[in-house]
Each structure stands twice: as C-alpha cells, then as structure tokens.
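Numbered from 1 within each chain, the chains take letters A, B, ... in sequence-line order. What's counted below: heavy atoms across the whole structure, side chains too, no hydrogens, waters or symmetry copies.
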Amino acid sequence: MSSSRRQYPFHLIEPKWQKVWDEQQAFRAFNPGEEIPANHPFALRHKLSGKVSAAQLPAKFYILDMFPYPSGAGLHVGHPEGYTATDILARYKRAQGFNVLHPMGWDAFGLPAEQYAVKTGQHPRQTTEENIATFKRQIQSLGFSYDWSRELATTDPDYFQWTQWIFLKFYNSWFNPKTNKAEPIENLKYPAGLRLPFLTSDKTELKNLELSRRNFRDGKRLAYVKEAPVWWCEELGTVLANEEVIDGKSEVGGFPVVRKLMRQWMLRITAYAEKLLTDLDTIDWSDSLKEMQRNWIGKSEGAYVCFSLEGRTKSVKESPKNSIESDSDIINLEEIDAFIQSSSERKADSIWVFTTRPDTLFGATYVVLAPEHPFVNELTTDEQRAAVQAYKTEVAKKSDLQRTDLAKEKTGVFTGAFAVNPVTDEKIPIWIADYVLASYGTGAIMAVPAHDERDFEFAKKFKLQIKSVVGSLKPFPSLAINSTFGYDDFSKLKRGERTVVINGEEVFVFTSETECFVGEGVAWNSANSEVSLNDLPTAEAKQKITAWLEEKNLGKKTINYKLRDWLFSRQRYWGEPFPIVWKVGPDGQSYHEALPENSLPLLPPTLEDYKPTATGEPPLARAKDWVNLPDGSVRETNTMPQWAGSCWYYLRYLDAKNNSAFVGKDVENYWMGADSPKSKVQSPKPDVGLETLDIGLKSTTPGVDLYVGGTEHAVLHLLYARFWHKVLFDLGYVSTPEPFFKLVNQGMVLGEDNQKMSKSRGNVIPVDVPVAEVGTDALRLYEMFMGPLEMVKPWNTKGVEGVYRFLGRVWRLFVDEKSETAFEQAETLATATQRHGELLELILLDGGIMDIAATPAQLKAMHACIKKVTEDLDGLRFNTAISAMMVFINEAMTWQTKPLALMKIFLQLLAPFAPHLAEELWARLHSTFGQTAPSLAYAPWPKFDAALLVESEIEIPVQVNGKLRDVIKVSVNATQADLETAAKNSEKVKPFIEGKTIKKIIVVPKKMVNLIVG
RNA sequence: GCCGGUGUGGCGAAAUGGAAGACGCACAGGACUUAAAAUCCUGGGACCAUAAAAAGUCGUGCGGGUUCGAGUCCCGCCACCGGCACCA
C-alpha cells in the first residue's frame, strides 16, 4: 500500500486542521453561565457572546463514548469504531445547531498498572500516566471533536474525591420501602424498643440500647459491612463481585476463585432491583441488552411455603410477615433476608421454601435443603449422620466450577428427617443436595418431580415418589405421534387421557407419572378437605393456594430476585481508598465511622511494596503511619472496585472543573434535565436557495442522548451506573431517573482472518498503521463503511484502500491536476526542515468550479445525496450514507462545470465523516472566490428540497402474473388508465397476454403494473 | 436447555410487501505509459443456449403458508454468533 502514489496530501492536511481546531478550541462546549468568547465559531453561529443562560443556549445534545481503560498496548483499529460513530454524529448535530457535549476521559484505576508495580516497583500512577499519554496521542491523531477541556481521569484526586463523596452519600442513606426510595439515614425509623427517648436510666441497659441502635442503623445503610461468603481469587489476591466471576473463574485473567468468609463492604443494589427492572421500559436500548439486564436481575414471582417437621411441634406459628416488622403487604427483600438469617438462630421447627409454582404444592413429594442450610445438622438422624457429613465435606471441597461442571449428574443424601406437606399432610423425606443453592430463596425447596426437570431427574435417580398434579392441554412430546396432531384427535390417544371442565366445557388433558411436564396447564389431583385446585388453570390455582396458605399462616406471596448486593471492596492498592475509619467501642466491638466530607480526597499512601501483606491484608495495611490515626482509630484498608469511577464519570464531564460540588445543579439540569431549554436555532440566509435545517421547538431528551460502547459492559458498568444514578436521583442530586437514554452497542471488529483481534493471534492492526498509510479521514470512513454499526465485521485492508480512493476522487474533483504535480515535485525537493505545510499553497482549485447556477440534473443529484445522508445519519446508518456520497461523486466526476454552491454543500455532507479533507477544500473554495470562510464545523446543515427530486418521466416495471416482462417509460403524471394501456401495448408483454384473458390488473401508481392472465 | 441476534454473489454489504445484489473489495478486459504504478473506461448471480447475443429458467439457510406479488409478513425447522445457565 505504501509503495503506491499518495491519493492526496493527507499527511499535511490532517495535522494542519487538528492544530487549527485545537488553537480555536473549536469543539469546546459551553455551560450555562459560562463566558463565551465573541469570536468562537459557536458564538458566531448562534449569535451569542458573554455569559449566556441556559434559556439562551440552543438545545443540548450529549454524545458519550464509554471511556477507555488506557492499557499499555495502545489502540488497535477495532477501538475507534464507536468513537468514529459518535464523532460523526457530534459533528452532524453541531451543524444542525445543537449545543453538543462530546467528552473523553480515562477509566484509569485497574489491576494491570498495579501488577506492573508489584513486578517493577514503579508507582501505578506513573504507569497510568504514561498509558494515558499514549492513548491520548492516538485518539487525538484521529481528529475527533472532543472537548478536551473536560478531560478527566478516575485516578485524579480531584475526580476521586467525589467518588469518595458519593460513597459517603450511600453510607449515610437507607432505602425506605414505604417511600420506595433512598433517604438520609437521619430519617431511619427504629423499631419499637429502640425509639428515643429510652425509658430507662440503667446505664448498662442504655449502653446496650445505643449499641442496638447502631447495629440496626448500620444494617440499613446503602453501603454496609457484611461478613459474607465471597469469591476470593488467590491469583489476583482479591475478592471479586458476582458479576466479575464467570464459570467459576475470574473475568480478568480466568483464574480460579474460591468461596471464603470475609468482612466486606456491600452496596445495597438489591433495594433497586425492581426499579432497575421496570425503568428499562423507559429507555431506548437494544432488546438483547435489556434482556441481559433482566436476566441478571432475575425477577421471579412466587410464594414462601412453610413445611412443618415430622415429630416436632412448631414452637411458634409464624411467617416472615409476622415474625418481623413490615410496612408493606409484600415483604421486601431486606426483611426476607433478615428472616432467613434469623432461622440460623432459631430452633429447627419448620422449613420455609421458595417456589414459583405454589399450584404444584399437592405434588411436593420431598424437600431438599442446600448442604449449607443451617438446619442440616440438627435435622440429621444418627443413622444418616455419617453419610450427610461425608456429603457436606465432599461438596465443600468442590469449587463452584466443579459444582456447575458436574451439573449433569444429580447427587444428594437423605437426612433421615421428614417434613409434612401442609396441604396433603403426608410425611415426606428431607434430603440435602448441591443442586439447591444456599444463596437463592431460602436455601430450601419443595421438590415437585412431576413438574420440574431437576426434581424429576433427582427423583428418578433416588427412586422418590412422582405425583402428577398438573395436566397438559397438549399431548406430551413423546405422546405426539406427529406434529400435525390436532386438538380433535386427542381422544385417539391411548394413555394419559383424562378430561376436566374448563368454563363449562369438557376438554382433554394429559397427565403422566412417568414423564415431566413443566408447562402451565390445569390442576388435578389437588384437593384436601379445605381447599381444592382441581380443574383450575395454573394461574388461578397459584392465586387460590397462595391465598389459602396466607390465611393459614403457612405461606406468603413474594417476589424473588437473582440479583445480589454488590460486593464493593477489593484488597488492592490502585483504587479509591474508603473514607472510613474503624474504632473500638466500650463493649470491645469495633465499629466504622465516616470521615467528614471536608477531609476528602483521602489519598492512598505511598508504598515501596505493592503486594498484599503476609497475613493476607490488603497492601494499604503496609502503610502503618497512614493506617493508624493519632486518636487510636484505624483506617479501612480495602479499596473500591474499578467500577466505582465509571459509575458517574458522565456526570463529571458536565462540570469537570467544579471544586465545590461533584456537578453544579444548573449545569446538571441543562445537560441531563428533561426540561432543558427548547432550541431556538436560527435559519441563516440560505446559500443556494437551500434552507438550513430548523430544529424548531424540539424538546430535548432526558439524560445522555447517545451512549456508544461494547456489549461487554451489559451487566457490569451499565447496571452499576444505573444504580448509582438512581440513588443520586432519590437523594435529589440529579434530575433524571435514568442516566443513558439511548444506548448503542457497536459490533466488534475482527481481524482480517475473521478472528477476534488479539496479540496471541498476531492479527492486531494498531491505529497508527492506517493513519500513516492512508490518513485518519480514510480510516474513519472505512470504520463506518464496513457495515452496520451494531454488527460484528472483519477488517479488510483492501477495503480501506477503497474508501481511500474515494477520498482521492473527491480531491481530484476539486483540485487542478497540474498544480498538484507541481506541488509533488516541490515536496520531493523540499528538505525536512522546510515547512511542507506552505507547499500546500501550490495546489490550486480546478478551473471547472465556477460560481454559476446548477443544472436541474446537478441539483437532483445533489439533493438526492443530501436526503440520503441526512436520513441515514438520523438512523445511524453510516455505511449507506457513505455509499450515497460515492454515488454523487461518481456522477460529479462526469460534470464539465461544477457549480460552486453544490461543491460547498457536498463538503458539508462530507465534513462529519472526513473533516480534515472537507475543511481544507472548504477553505480553498472560499479563498479562491474571495469569500470569508465560516467555520465548516458550525456551518448550518443543508436541507434538501423534495421538489427538485421529482422526475418528469419514470420507468415502471410491468409484470405478467408477477413476473417481470418489461420496463416502460411513462410520464410521472400518468393515470392508472394510462399505465394499463401502456402496459398492454408493450411489445415485450404482448406475447405473454395474447390469446389469454386478463383477469385482473394491479396498478400501483408510480411503482409498477401487474397483469393477471388466465 | 433458555433468551437475544444473524443467515443474500468469490468477499464486506444494499433493498417503506412492488425491477434482488446499490456502494465498495477482489477479478477480467480496454485506454494512457518505453514500462510499471497511479488514474480513467467497460464487464460481471447461477443455469440453459450461442460464433456472439437475444429470449428463457432458477435464484436471498431449509420446508410450508398468506398475497396479484415475499429477502421483507405468518407457521415449522436448520446453522452460526452473543448472553444466561441446577436461580426452584
């Protein structure tokens, strides 16, 4: 590629314009109340200057990229795909008259810099800064129109002091189920015995009450401490969040993880499970992404059911609802949690299970506990004790990886104990098995083998009773003789036939004790002396039995989520330290306390050695002077996970330099608010009889208007950030309930071998390569021309040359060939020290460009192009927008004379895609014709004139019986009758209709004619 | 297994239910050139036929259906990609 002649002097043009934009601060976005320099292109476009209020500013448009983690490897050609898409849109929206916010920053905390520090002793900050410098240089070489004055890095103390500040907001808040939102901890309602003033003067009692209050309060905070089983990764020397563990391995590095009991900071994301779920309906994200979040949140509706124990009397008849204070009808997660927790302290008198199919209760033939269930030891009979112990040991030895890997084969052990099915009063065995998870529901299930695959498998293996209680309205797959089995044929079946009455009608249902049916159907076999579900459809049966259980205090309707609270601490150095200290109370118990806000930022200490300590404490514990405070309190030595900084960076961009708040109120409201000012975009005097696009009184979008990034963040960053945003919203710090209104995932760019790009495959193409060989504009164009943004597509170097050639054609459309040859010769002779940029002046415009009126054909081609490019940009269809410009250029290459006005319009269309080339030619067009060039970046977007696209004669396909037989030319005004006649008279059509009767003629005006003959 | 997405030339891909394959790559032929590169022009789904063509037939993963007409809508499958996965 490099051996061939350069298509155009991009090597001079691109740095030239990048410098101009930089010097002008051309892409700086202005906040309400900010001083706008009178000569800034934005000020000139909108006739603004000085301090401008939100109401005076045009409508905002916030275009955000997922900010990168600056790794040492630099950018490859896959990275700028999303950045290119957002930049094109940012430039387009700027031309349309929006106040565009388009920022970039660095997600810079992270493990690689720390691991490098462990190896070499180089401070992670230094590594981070070097990597940022590389990334910034590469990103800037691509000519993106970022507002660099808002650049931020999560590792910067000016930034992370606010990350710590937000953590304190979490710490000092609780979730009020009654108002369904986060509130300051001062509003917390204490249970009866703990309310002030205390009605005692006994000092010990008072002390204990104070302590209980503190424990209660600390247990309610949105950021709380929990001794919990966590994922410990030995290799990384830290714990990981659920979301960071994939198939029993760490997401980063793929190292094994094990369960370990540790004291950890948690964020109460579960309180927001329902909002995170339902608010997905209010935002414009892809279905697949929403679905991933829904699956992760994992809502299921069902009931808790109480099974009493054979041979034991229940000490108290209680349900979760009655055993704890509750403000709502449906018990919330927190209360369930507390209830389940409390069962470990109570005697084993009954077992609560969670089920989504309470309608199958009559078919529950055994109970299974998770091996870790607190009742197991107490329930196990002496005969079974050895077997149960052996099983528990075996399970504990298995890593979770093995537990899921071996999922195929069910294992378990009988405890020797029996429970009583609350509706049948039958004695049913209690087993333990590792297919029941301690961490979900109550850690116990009622097994209904006839209607649950897993229970069915287990029952078959251990020869447990299978009892069918739900009939299917369709034959079981194995009974279906063929797929066309009709409803009426049911009676022909030999087995499983049975009828029930639904809505007064007798219908067949199919039941089986030898096969599993998990679908919904009709209940049967489900009645006792008090309640009957027989003949009820599943949904009704669920309702009826749940109501009955509630009335008997044997159950409670409930909602369960898979989502767990977010494990928020890491045993690392290179992260935000917690603004927390630990103290020891008079009772000898240690407790935590928040640092005052004015002490932030809390900087990490400087270390010589970044490894964890020998005792397994985090590296921060090495800094004794930092950890131990004069008053005897001790600092928290964990740090926050990498996700913390990325949870709110999009808010800091709005007001990146604010020293008194994480974001200013008015500024936040302007850029994120749903009711920011309406646009008042002016329509300047049209250039060529064209009007500029008038945005009119279009209201703005709440939150970020467009967020582009990879799918890998579907359940991590995107869920965490939504959670933080919702807490900040509840506490009144932000004005919208959702941060990202529209989100698009760019598809991955594969290597030329159709494999994902990776070092080990050796198929990585660094961005610097195409930038040097064909220039940034060609790279940008190709990134978009490959295919639709969301699709996965392979890189093809030959394809890059195609768009590079296109830019060469554009160049040659505009410049005089002889002058370019002169330029090239001069450049060869010039020494390196000479200013090559000045040589560009040798290149002259093509003489065919004249300030003359365009022909109708020229106007038509131009306006077709404006229409297509505009519509495709609105739909993010960059690839077809580019092909429309190619079509235009292919035609314009044949023109003898090139009207100046059209040449300008074309450059405006090209500018978002190839801004350097467009700026260069734009400036030349103006200077050559003695005009002053307004900034192309802010030139009003051209508007197409539909009237110019109308043809006088059009070609109409003629079909006979749906097959194309001719294409006829008719006037655009041809009537239906004209078309019919013309079609019938076509010489090519005649042979197909002669001697036949025309039964019908379908005429679609301006589209086609179809003759139906018999 | 469940959820989501995608299947169209040699390749990347286009097509509000109305001319399938725009645009680009690769390829072939031609012009320019001492020559090459670059550039410009022309060609192209498959089959059948032919000296060459015209005409014709078949074509959007597979099988059905709706419609005057289906890449597009409906039903049933298959393959690939991504996610989740003993969540009761």
Side-chain angles (χ1 to χ4, degrees), chain A residues 3-7 246-247 286-296 298-300 302 353-357 360 368 403-404 406-408 410 433-437 439-448 451-455 457-458 483-484 560-564 711-712 714-715 745 747-748 754 781-782 785-788 790-803 805-806 808-809 812 817 868 877 879-887 890 893 955-967 988 991 999-1004 1006-1013:
Chain A
S3 60
S4 56
R5 185 185 154 186
R6 197 178 277 125
Q7 289 278 349
I246 292 165
D247 292 338
S286 71
D287 287 340
S288 64
L289 197 65
K290 286 185 180 183
E291 206 51 33
M292 279 190 227
Q293 293 222 337
R294 286 193 192 105
N295 288 341
W296 192 262
K299 179 179 182 173
S300 53
V353 301
F354 172 70
T355 177
T356 55
R357 289 295 299 271
T360 63
V368 189
R403 250 168 105 156
T404 46
L406 303 172
K408 316 279 173 290
K410 294 271 178 296
D434 67 358
Y435 83 92
V436 174
L437 307 177
S439 56
Y440 184 76
T442 62
I445 62 157
M446 64 181 217
V448 186
H451 305 294
D452 181 285
E453 291 281 4
R454 296 151 303 181
D455 297 342
E457 235 180 88
F458 193 81
S483 58
T484 58
N560 225 326
Y561 300 90
K562 280 200 285 188
L563 186 69
R564 306 281 85 162
T711 350
E712 66 273 19
V715 286
N745 287 123
M748 206 176 327
N754 247 306
L781 218 55
Y782 182 64
F785 190 64
M786 276 188 282
E790 301 90 334
M791 294 290 133
V792 176
K793 53 236 149 195
W795 185 262
N796 179 349
T797 300
K798 289 289 184 187
V800 187
E801 288 182 62
V803 292
R805 274 203 281 270
F806 162 68
R809 284 160 74 81
R812 290 189 295 277
E817 210 185 314
K868 182 78 177 143
R877 292 180 297 267
N879 53 332
T880 48
I882 293 167
S883 72
M885 290 189 284
M886 287 172 167
V887 170
N890 288 347
M893 290 296 273
E955 293 189 326
I956 297 286
V958 180
Q959 300 176 348
V960 178
N961 287 347
K963 284 191 179 172
L964 180 72
R965 296 304 177 186
D966 195 11
V967 177
K988 287 186 183 166
K999 287 201 217 155
K1000 196 175 176 185
I1001 302 180
I1002 290 133
V1003 179
V1004 183
K1006 299 184 187 182
K1007 282 282 183 195
M1008 48 78 64
V1009 179
N1010 190 3
L1011 305 171
I1012 312 301
V1013 298

Have a look at B:G29 and give me syn or anti from its glycosidic angle (syn if within 90° of zero). anti
Given the ring of A:Y561, does A:K299 sit roughly above its face, with NZ or CZ under 6.0 Å from the centre of the six-membered ring and within 45° of the axis? no
Where the side chain of [X] is concerned, which of [options] is the nearest nucleotide?
X      : options             : answer
A:T355 : B:U6, B:A88, B:A19  : B:A88
A:R809 : B:G12, B:C40, B:A22 : B:C40
A:Q7   : B:A22, B:A38, B:G18 : B:A38
A:R805 : B:C23, B:U39, B:G83 : B:U39
A:D287 : B:C86, B:C25, B:G5  : B:G5
A:S883 : B:C23, B:G18, B:C40 : B:C23

Pairwise 5' ranking along RNA chain B for A:M893 and A:Q959, keeping only the more 5' one: A:Q959
Please determine whether a side-chain nitrogen or oxygen atom of [X] lies at a distance below 4.0 Å from atom OP1 or OP2 of [N].
X       : N     : result
A:K1000 : B:C68 : yes
A:R965  : B:G69 : no
A:N879  : B:G24 : no
A:N890  : B:A22 : no

Look at the rings of A:Y782 and A:W795 and say which category their plane angle falls in: under 30° parallel, 30 to 60° tilted, over 60° perpendicular. perpendicular
Assess whether one donor atom and one acceptor atom, taken from the side chain of A:N1010 and the base of B:C68, lie less than 3.5 Å apart. yes
Under 4.0 Å, heavy atoms only, any strand: does A:V1004 hit a base, just the sugar-phosphate, or nothing? base
Using a cut-off of 4.0 Å on non-hydrogen atoms, how would the nucleic acid contact of A:K963 be classed: base, sugar-phosphate, or nothing? sugar-phosphate
Is there a Watson-Crick or G-U wobble partner for B:G9 with both distances under 3.5 Å, and which nucleotide is it? none
Tell me which nucleotide, if any, is Watson-Crick or G-U wobble paired with B:G1 when both distances must be under 3.5 Å. B:C84
